[in-house]
**Student:** 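Below is one structure. I have some questions about it.
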Amino acid sequence: MLRIHDTLRDELVELIPRVDGEISLYACGPTVYDHPHLGHARQAMTYDVARRYLEWAGWRVHHVANITDIDDNIINRANREGVSDTEIAETWTAVYLEVMDDLGILPPHDRPKATEYVDEMIEFISTLIERDTAYVTDSGVYLRVRSVEGYGDLVHRTVDELAEGAGTRVEVDETKEDPLDFALWKAAKPNEPTWDSPWGPGRPGWHIECVAMSLGILGDDFDLHGGGNDLVFPHHTNERAEAIAAGRSFSRYWMHNAMLNIDGEKMSKSLQNYTTVRDLLDEDPRNARALRLALLQTHYRKILEINPEILETARAGIDRMDAMVRKATAAGVDIDGAELDADAAESFSEAMDHDFGTPEAMAIVFEQVRRANGAIDAGEPEAAVAAKTAIELAGALGLTIGGDTGENDGAEDDAEIDSLVAERTAAKADRDFATADRIRDELAARGVVIEDTPHGPIWRRG
RNA sequence: GCGCCGGUGCCCGAGCGGCCCAAGGGAACGGCCUGCAAAGCCGUACAGUCGCGGGUUCAAAUCCCGCCCGGCGCUCCA
């Protein structure tokens, strides 16, 4: 039984999908106008892990993640740089996709762009106007928020509670009937891209795109809608309002990942305290996996403090897992031919079925690592099963251990290192430990660590 | 102000009323292994008050109330 924490009901509920055995998932993606930062990585990884696990567990998953390629931030940057908004969007979309790939994020089954769905949005807005839940003014088209029943349910606030905050921090458009009402369509302004519409040239509001794309691709009553918890209000609240106002069944369940903190503060653009994913990956090629491990070891709904120490800790964990596989391989353990440990796999599934309990799931993986190490040392046959299980379960969460991780691509001196290691082995055989240690120090200076095993030395870049 | 979330060992972090004298990772210490290391395994100290104070219960880190501290949202934001 798969249970998740549903934001709307605010409790743990069993996920009963629209179609048996099949889960449709819509995860809100980024607005592309700058380098993706670690928060984007957490968001993407949260749903990547969910999708991978569900598929591993035998569900058919339809994963949709959009790209918002038209909005104020994009237009502002385009005007600032004197280029077209399309150019900005395309440039940063490419960067985003590349970074996601480097992070080991599986491409979603569909990756729609807002600008590809303008027709659908216009049609949707027309419906809302026909139903009299939206109205046209000189500045655009607005949704009549108070006409939507349960508008604030997702944030667990009443409309009046929300009204208290509305307009206190943002200038209210005078033409709106109510400060809570929000734009479905924005009338054309100078220096902005526009599309034709029944209400004159303009561009879509922020929230309408996700409704058009999610319902357009996954259909009514799709299963799971996710995103960062900063989207609960207003973005998801407004998406939901639009769908309700149109009389459409929207997502059955909502899940939201927590933010990332840096130095005890929320990481955000405005605070200028963010780290780009690119910088992190450039720092150390192992960081893609280290970041994934760090994320997995904290529950997705809990704020994660991210800093260099956390990543260092995670890298040590990755090294530990890799070392086990190296040792098993050196010892000739037949991992591929081994069975999965059924008990461990079951505990793992239990942990994951409980609102994606990745910290507990990783604890199970590490237990297998320890078991494997012990069995390898003792020459026991269960080494293969434990190693296989660790690799398989970590892999189910997108974490590759051992094997070719591609992290040392570009290092061309393998042969040279091999020969130095062989020299050291020869020196050791002659009990010329001075020479052996000198070679070991030399290699260490180059970042290469030698590990002696009963089956001969192995080495790694540390 | 209104609302939400969190405070668990040296650090990070599980924990969903009994299986918790509290997982897992990192760091530390001791032992085994090693020519010495590294890696690994075993063991140990760390949480004798799970922020503090009450309460509910046969039973609470886990539920309720109050308080303190921190973070976040109410604004573009993953």
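Below, chains carry the letters A, B, ... as their sequence lines are ordered, and counting in each starts from 1.
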**Student:** As a test of understanding, state which of Thr358(A), Asp353(A), Asp48(A) forms a side chain to side chain donor-acceptor pair (under 3.5 Å) with Tyr53(A).
**Tutor:**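 In the set Thr358(A), Asp353(A), Asp48(A), the residue that makes a side chain to side chain donor-acceptor pair (under 3.5 Å) with Tyr53(A) is Asp353(A).
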**Student:** Round to a whole Å and report the spacing from CG of Asp230(A) to C1' of rG73(B).
**Tutor:**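 That distance rounds to 9 Å.
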**Student:** Taking CG from Asn229(A) and C1' from rG3(B), how many angstroms apart are they, rounded to a whole number?
**Tutor:** 13 Å
**Student:** So what's rG9(B) paired with, Watson-Crick or G-U wobble, going by both distances under 3.5 Å?
**Tutor:** none
**Student:** Taking side chain as C-beta onward, heavy atoms only, is Leu218(A) less than 4.5 Å from Asp110(A)?
**Tutor:** no
**Student:** Who does rC52(B) pair with, Watson-Crick or G-U, both distances under 3.5 Å?
**Tutor:**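 Partner of rC52(B): rG66(B).
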**Student:** Tell me whether the count of non-hydrogen atoms from other residues, nucleotides or ligands lying under 6.0 Å of CD in Glu149(A) goes above 12.
**Tutor:** no
**Student:** If you measure from the C1' atom in rG1(B) to the same atom in rA47(B), how many Å do you get, rounded?
**Tutor:**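 Each nucleotide's C1' atom is 37 Å from the other's.
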**Student:** Do any pairs count as a side-chain hydrogen bond (donor to acceptor under 3.5 Å, both in side chains) and have a residue in residues 374-388 of chain A, sequence neighbours left out, and if so which ones?
**Tutor:** Lys327(A)-Asp377(A), Arg371(A)-Glu382(A)
**Student:** For atom C1', what is the distance between rU8(B) and rC50(B), given to the nearest Å?
**Tutor:** 5 Å
**Student:** In Watson-Crick or G-U wobble terms, both distances under 3.5 Å, what is the partner of rC41(B)?
**Tutor:** rG31(B)
**Student:** The side chain of Glu305(A) is closest to which nucleotide in this list: rA39(B), rG13(B), rG40(B)?
**Tutor:** rG13(B)
**Student:** According to the interplanar angle, ranging from 0 to 90°, do the rings of His225(A) and Phe250(A) count as parallel (below 30°), tilted (30 to 60°) or perpendicular (above 60°)?
**Tutor:**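 Geometry flag for Phe250(A) against His225(A): tilted rings.
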**Student:** Should the ring pair His236(A) and Trp254(A) be called parallel, tilted or perpendicular, given that the plane angle runs from 0 to 90° and is split at 30 and 60?
**Tutor:** tilted
**Student:** Taking only Lys NZ, Arg NE, NH1 and NH2, and the carboxylate oxygens of Asp or Glu, determine whether Lys186(A) and Glu192(A) approach each other closer than 4.0 Å.
**Tutor:** no
**Student:** From the options rC76(B), rA78(B), rG40(B), select the nucleotide whose nearest atom is closest to the side chain of Asp71(A).
**Tutor:**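 Given the options rC76(B), rA78(B), rG40(B), the side chain of Asp71(A) is closest to rC76(B).
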**Student:** Leu304(A) or Arg460(A): which one's nearest nucleotide on RNA chain B is closer to the 5' end?
**Tutor:**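 Mapping each residue to its closest nucleotide by heavy atoms, the 5'-most match is Leu304(A).
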**Student:** Record whether the side chain of His256(A) comes under 3.5 Å of the base of rA78(B) through a donor-acceptor pair of N or O atoms.
**Tutor:** no
**Student:** What interatomic distance, in whole Å, is found between C1' of rG53(B) and the corresponding atom of rC69(B)?
**Tutor:** 15 Å
**Student:** Nucleotides 31-35 of chain B: which of its N/O atoms have a protein N/O under 3.5 Å away?
**Tutor:**
unit_1	atom_1	unit_2	atom_2	d
rG35(B)	N1	Asp437(A)	OD1	2.9
rG35(B)	N2	Asp437(A)	OD2	2.6

**Student:** Rounded off to whole Å, could you give me the CG-to-C1' distance for the Asp72(A) and rC76(B) pair?
**Tutor:** 8 Å
**Student:** Just how far, in rounded Å, is C1' of rG1(B) from CG of Leu162(A)?
**Tutor:** 15 Å
**Student:** Under 4.0 Å, heavy atoms only, any strand: does Ile450(A) hit a base, just the sugar-phosphate, or nothing?
**Tutor:** base
**Student:** Picking from rC74(B), rA78(B), rC5(B), which would you name as closest to the side chain of Phe233(A)?
**Tutor:**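 When the side chain of Phe233(A) is considered, rC74(B) is the closest of rC74(B), rA78(B), rC5(B).
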**Student:** Could you check how far CG of Leu260(A) sits from P of rG73(B), rounded to whole Å?
**Tutor:** 13 Å
**Student:** Sticking with atom P, work out how far rG30(B) lies from rA38(B), rounded to a whole angstrom.
**Tutor:** 12 Å
**Student:** Using atom P in both nucleotides, what's the gap between rA22(B) and rC5(B) to the nearest angstrom?
**Tutor:** 29 Å
**Student:** Look at the side-chain N and O atoms of Asn373(A) and state whether any lies under 4.0 Å from the OP1 or OP2 oxygen of rC41(B).
**Tutor:**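 Asn373(A) to rC41(B) OP1/OP2: side-chain N or O found under 4.0 Å.
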**Student:** Remember a base hit wins even if backbone is also touched, and classify Arg157(A) as base, sugar-phosphate or nothing at under 4.0 Å, heavy atoms.
**Tutor:**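 Arg157(A): base contact, heavy atoms under 4.0 Å.
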**Student:** Using the test side-chain hydrogen bond (donor to acceptor under 3.5 Å, both in side chains), find all partners of Asp101(A) that sit at least two apart in sequence or belong to another chain.
**Tutor:**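 Checked Asp101(A) against side-chain hydrogen bond (donor to acceptor under 3.5 Å, both in side chains); zero matches.
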**Student:** Between Arg301(A) (CZ) and rG13(B) (P), how many Å, whole number?
**Tutor:**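 Spelled out: CZ on Arg301(A) to P on rG13(B) is 16 Å.
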**Student:** Under 3.5 Å, is there a donor-acceptor pair between the Asp418(A) and Trp459(A) side chains?
**Tutor:**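 Short answer, yes.
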**Student:** Checking all strands, does Gln43(A) fall into the base, sugar-phosphate, or nothing category for heavy-atom contacts under 4.0 angstrom?
**Tutor:**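 Result for Gln43(A) = sugar-phosphate.
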**Student:** For rG1(B), what is the paired nucleotide under Watson-Crick or G-U wobble rules, both distances under 3.5 Å?
**Tutor:** rC74(B)
**Student:** When every nucleotide of nucleotides 14-28 of chain B is labelled 5' to 3' by its protein contacts under 4.0 Å (heavy atoms), B for base, S for sugar-phosphate only, - for none, what sequence of letters results?
**Tutor:** S-B------BSBS--
**Student:** Kindly determine whether Val277(A) and His40(A) satisfy side-chain contact (heavy atoms from CB on, under 4.5 Å), including the steps that lead there.
**Tutor:** CA-CA 8 Å; Val277(A) 180; His40(A) 294 105; 5.6 Å; no
**Student:** If you look only at distance, which donor and acceptor atoms sit under 3.5 Å apart when one is on a side chain in residues 440-449 of chain A and the other is two or more places apart or in another chain?
**Tutor:**
unit_1	atom_1	unit_2	atom_2	d
Glu442(A)	OE2	Arg438(A)	NH1	2.9
Arg446(A)	NH1	Glu416(A)	OE2	3.1
Arg446(A)	NH2	Asp413(A)	OD2	3.0

**Student:** Among Ile88(A), Thr93(A), Thr86(A), which residue meets the side-chain contact (heavy atoms from CB on, under 4.5 Å) test with Glu90(A)?
**Tutor:** Thr86(A)
**Student:** Can you list, in residue-number order, the parts of residues 87-111 of chain A that come under 4.0 Å of RNA chain B, counting heavy atoms only?
**Tutor:** none
**Student:** Say we look at rG55(B) and rA14(B): how far apart would their P atoms be, to the nearest angstrom?
**Tutor:**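 Result for the P pair: 31 Å, nearest Å.
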**Student:** Testing the 3.5 Å rule here: is there a donor-acceptor pair between the side chains of His235(A) and Glu239(A)?
**Tutor:** yes
**Student:** Decide whether Asp85(A) and Tyr33(A) meet the rule of one side-chain donor and one side-chain acceptor closer than 3.5 Å.
**Tutor:** no
**Student:** Using the C1' atom as the reference point in each nucleotide, state the distance between rG17(B) and rC12(B) in Å, no decimals.
**Tutor:**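 Roughly 27 Å separates the two C1' atoms.
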**Student:** With rounding to the closest Å, how many angstrom separate the C1' atoms on rG9(B) and rC21(B)?
**Tutor:** 14 Å
**Student:** Whole Å only: how far is the CG atom of Leu154(A) from the P atom of rC4(B)?
**Tutor:**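 Whole-Å distance recorded here is 14 Å.
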**Student:** Once you round it to whole Å, what is the distance between P of rC2(B) and CD of Glu161(A)?
**Tutor:** 11 Å
